[in-house]
Amino acid sequence: MNDIRLIREKPDLMRDALGKRQMETAPVERLLALDEERRAKLAELETFRAQRNAYSKEIGRLADAARRETLKDQVRVINIQIDELETLVGELDAQLQEALYELPNIPDADVPFGKDDSENVVVKTVGAPREFAFTPQPHYELGPKLGYLDFERGVKLAGTRFYVTNGLLAKLQRSLIQWLLDHHIARGYREFGLPFMVKEDIMLGAGQLPKFRENLYHDVERDAWFVPTAEVPLTGLHMDDILDGDQLPLNYTAYTPCFRKENLAAGKDTRGIKRGFQFDKVEMYKYCKPEDSENELNNMVADIESALTALEIPYRVKQLCTGDLGFGSAKTFDLEVWAPGINEWLEVSSASNVRDFQARRGNIRFRRERGAKPEFVHTLNGSGLGIPRTMIALIENYQQADGSLAIPQALREYTKSDVIR
RNA sequence: GGAGGGGUCGCAUAGCCAGGUCUAGUGCGGCCGCCUGCUAAGCGGCUCUAGGGGGUUAUUCCUCUAGCGCGGGUUCAAAUCCCGCCCCCUCCGCCA
């Protein structure tokens, strides 16, 4: 959510941001009109309330019964006005809120302009794709051949877009999660074990609702929503808090499964384990001071890169252009790994500086020092990493001519073996 | 699932039964000042959040509104009375 005062005072910033994102600017005009009307009515309402407070106080003091009754009558009249105005202001508030929710974050000045994902910019490519002496197989053939990846039983248990792993592949996946967490912890992140369901107001505060309602699983009886990413509970941790400025930045990491309803047509995008209704992810998250967020985004990207480097898989870093930037993000880098079997770059991480967009909505603030006014923190999030796609990269990059898989050096401590066959 | 107790300005508490100087008191903590070789003590003052209006527009300032777990209701007026919900504690029952 953007700052209404900023939009009020500098509407061109918002119009410009929408233009860069290839979006209509009409919502800004509607918002400005709403805001002006709301403030006018609010002033009116508050004047009446001040009047009522004064009269009520006087009634309490008056000894004369007749005069008391006269004043009571006057307040009753005022109360009719107040009721009307309260209803009106309430409606305007709701509309304003809704209008604010519809406006995306303002892209940073250094985000390249572009109309869509075709204009994202590859910032760097690290590691050359491995040369194979044989034709590398896609993971969805290799896995089942090894007997450790079972699509049929996934469907049997939970329907389309689910799968089952077993044996060494299941262990490799668990090892990967554990290694990633330990890797981040060693670089200064604190691990969290989180609920995989959250209440609706946490979803709202994290910005998943109302926008992504149709993509979320939830229990209608209990106000419990399955998390689509650990970013949601990690944001929720400090909602309505006023953090101590000295403690910032806070670097958090957590493993959770992620649940997303995405009704895609069957095809290239849903083949294999690339896009399930449930997937595992290790998430990274930062709360920091506004002046530090740009640098912290670079730090986070470096942290993700160090994981990919240690896993020894070729990757590239892409900066998203204005037209492809996520709704809440001011600046985003995607990290993609090379998958030689399916022959494509796979997004395993997306690291974003959200600035105060999420903090304002979730009311997450900090105080620079005792007595100072609370300010909104900046938040950043990034995957570190998405597990299924990283698994695809591991399986396809580490496959050997005999159909077995080598285990990356970094993970052997966890898997207690160096090959899967 | 049943019975009882509780949720108040950072922390601890008072206020609620008997609605109105509650502008929510007190203690602790914290900040500023005074006093004092130093420290401590003592004395005085200050202490939350959000929003609106006015004045300057760089900050300071003046004023109003709202907030006592959340949401409704009664009333001229609600921390206080009524209804619903949430959370915490104790005990009983059930259960992995």
Side-chain angles (χ1 to χ4, degrees), chain A residues 1-11 31-101 194-205 209 218-225 233 236-248 290 356-377:
Chain A
M1 185 170 70
N2 289 288
D3 184 358
I4 179 64
R5 275 175 295 198
L6 180 72
I7 301 173
R8 188 188 294 156
E9 280 156 30
K10 296 174 180 169
L31 185 86
L32 290 172
L34 269 171
D35 175 55
E36 200 172 326
E37 192 186 356
R38 188 195 79 102
R39 280 183 297 136
K41 294 299 173 188
L42 184 63
E44 215 178 306
L45 169 63
E46 290 188 347
T47 306
F48 278 121
R49 289 214 268 232
Q51 181 89 122
R52 173 175 72 184
N53 289 346
Y55 282 175
S56 288
K57 198 168 275 189
E58 188 161 359
I59 291 168
R61 278 196 300 259
L62 278 178
D64 185 338
R67 288 200 53 202
R68 276 206 304 265
E69 288 310 316
T70 313
L71 272 183
K72 282 191 194 180
D73 285 342
Q74 288 184 30
V75 177
R76 284 192 192 100
V77 173
I78 291 173
N79 274 341
I80 295 170
Q81 313 281 331
I82 290 180
D83 279 349
E84 270 175 29
L85 283 166
E86 274 178 349
T87 307
L88 181 58
V89 171
E91 282 165 6
L92 290 169
D93 262 337
Q95 286 174 38
L96 192 70
Q97 202 62 231
E98 207 176 306
L100 268 175
Y101 281 168
L194 300 164
F196 303 156
M197 296 178 216
V198 298
K199 295 188 283 187
E200 182 169 341
D201 59 299
I202 300 295
M203 280 293 180
L204 282 164
L209 282 172
H218 89 288
D219 175 351
V220 285
E221 285 170 7
R222 242 205 110 248
D223 182 25
W225 298 71
L237 282 175
H238 291 304
M239 259 178 215
D240 296 319
D241 281 355
I242 298 177
L243 300 165
D244 184 347
D246 298 338
Q247 296 173 343
L248 300 177
D356 63 3
F357 194 80
Q358 211 166 35
R360 176 169 290 107
R361 187 145 167 180
N363 194 30
I364 305 167
R365 295 170 294 171
F366 78 103
R367 236 188 269 278
R368 287 184 189 275
E369 59 206 50
R370 191 179 287 281
K373 264 193 90 64
E375 300 170 53
F376 289 113
V377 298

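Protein chains get the first letters and strands the later ones, always in sequence-line order, with residue 1 at the start of each. Only this structure's heavy atoms are used, side chains among them; waters, hydrogens and symmetry mates stay out.
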Would you measure the distance from the [atom1] atom in [N] across to the matching atom in [M] and give it in whole Å?
{"N": "C81(B)", "M": "A18(B)", "atom1": "C1'", "result": "11 Å"}
{"N": "G6(B)", "M": "C46(B)", "atom1": "P", "result": "34 Å"}
{"N": "U8(B)", "M": "A24(B)", "atom1": "C1'", "result": "8 Å"}
{"N": "A3(B)", "M": "G20(B)", "atom1": "P", "result": "33 Å"}
{"N": "A78(B)", "M": "G71(B)", "atom1": "C1'", "result": "15 Å"}

With both distances under 3.5 angstrom, what nucleotide forms a Watson-Crick or G-U wobble pair with [N]?
{"N": "U36(B)", "answer": "none"}
{"N": "G25(B)", "answer": "U13(B)"}
{"N": "U57(B)", "answer": "none"}
{"N": "U65(B)", "answer": "A50(B)"}
{"N": "C70(B)", "answer": "G84(B)"}
{"N": "G4(B)", "answer": "C89(B)"}

What is the distance, to the nearest angstrom, from the [atom1] atom on [X] to the [atom2] atom on [N]?
{"X": "Ile242(A)", "N": "G10(B)", "atom1": "CD1", "atom2": "P", "answer": "9 Å"}
{"X": "Ile4(A)", "N": "A50(B)", "atom1": "CD1", "atom2": "P", "answer": "17 Å"}
{"X": "Arg5(A)", "N": "G51(B)", "atom1": "CZ", "atom2": "C1'", "answer": "8 Å"}
{"X": "Arg38(A)", "N": "A50(B)", "atom1": "CZ", "atom2": "C1'", "answer": "11 Å"}
{"X": "Asp93(A)", "N": "A50(B)", "atom1": "CG", "atom2": "P", "answer": "17 Å"}
{"X": "Asp241(A)", "N": "C48(B)", "atom1": "CG", "atom2": "P", "answer": "19 Å"}
{"X": "Phe366(A)", "N": "U49(B)", "atom1": "CZ", "atom2": "C1'", "answer": "17 Å"}
{"X": "Arg360(A)", "N": "A50(B)", "atom1": "CZ", "atom2": "P", "answer": "12 Å"}

Donor-acceptor under 3.5 Å ([X] side chain, [Y] main chain):
{"X": "Arg368(A)", "Y": "Gly245(A)", "value": "no"}
{"X": "Asp241(A)", "Y": "Leu243(A)", "value": "no"}
{"X": "Arg360(A)", "Y": "Met1(A)", "value": "yes"}

Pair up each side-chain donor or acceptor in residues 60-73 of chain A with any protein partner under 3.5 Å, not counting sequence neighbours, and list the distances.
| unit_1 | atom_1 | unit_2 | atom_2 | d |
| --- | --- | --- | --- | --- |
| Asp64(A) | OD1 | Ala66(A) | N | 3.0 |
| Asp64(A) | OD1 | Arg67(A) | N | 3.4 |
| Arg68(A) | NH1 | Leu62(A) | O | 2.9 |
| Arg68(A) | NH1 | Ala63(A) | O | 3.4 |
| Thr70(A) | OG1 | Ala66(A) | O | 2.9 |
| Asp73(A) | OD1 | Arg76(A) | NH1 | 2.7 |

Inset, instruction - Respond yes when some side-chain nitrogen or oxygen of Lys373(A) is under 4.0 Å from OP1 or OP2 of U49(B), and no when none is. - result: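 No.
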Inset, instruction - Respond yes when some side-chain nitrogen or oxygen of Arg367(A) is under 4.0 Å from OP1 or OP2 of U49(B), and no when none is. - result: yes
Legend entry - From CG (Asp93(A)) to CD (Glu98(A)), nearest 0.5 Å: 12.5 Å
Legend entry - CG-CZ distance between Asp35(A) and Arg8(A), expressed to the nearest 0.5 angstrom: 4.0 Å
Inset, instruction - Encode nucleotides 63-77 of chain B as B, S and - characters from 5' to 3', where the letter depends on protein heavy atoms closer than 4.0 Å: B to the base, S only to sugar-phosphate, - to neither. - result: -BBS---------BS
Please list, one pair per line, the donor and acceptor atoms closer than 3.5 Å that link side chains of residues 77-88 of chain A to other protein atoms, with sequence neighbours excluded.
| unit_1 | atom_1 | unit_2 | atom_2 | d |
| --- | --- | --- | --- | --- |
| Asn79(A) | OD1 | Arg52(A) | NH1 | 2.9 |
| Glu86(A) | OE2 | Arg49(A) | NH1 | 2.8 |
| Thr87(A) | OG1 | Asp83(A) | O | 2.9 |

Inset, instruction - By nearest nucleotide on RNA chain B, pick out whichever of Arg39(A) and Glu58(A) is the more 5' one. - result: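 It is Glu58(A) whose nearest nucleotide is closer to the 5' end.
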Inset, instruction - Would you kindly compare Ala40(A) and Pro374(A) by the position of their nearest RNA chain B nucleotide and give the one closer to the 5′ end? - result: Pro374(A)
Inset, instruction - Step through the shown structure and confirm whether more than 12 heavy atoms of other residues, nucleotides or ligands are within 6.0 Å of CD on Glu36(A). - result: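 Result for CD/Glu36(A): open.
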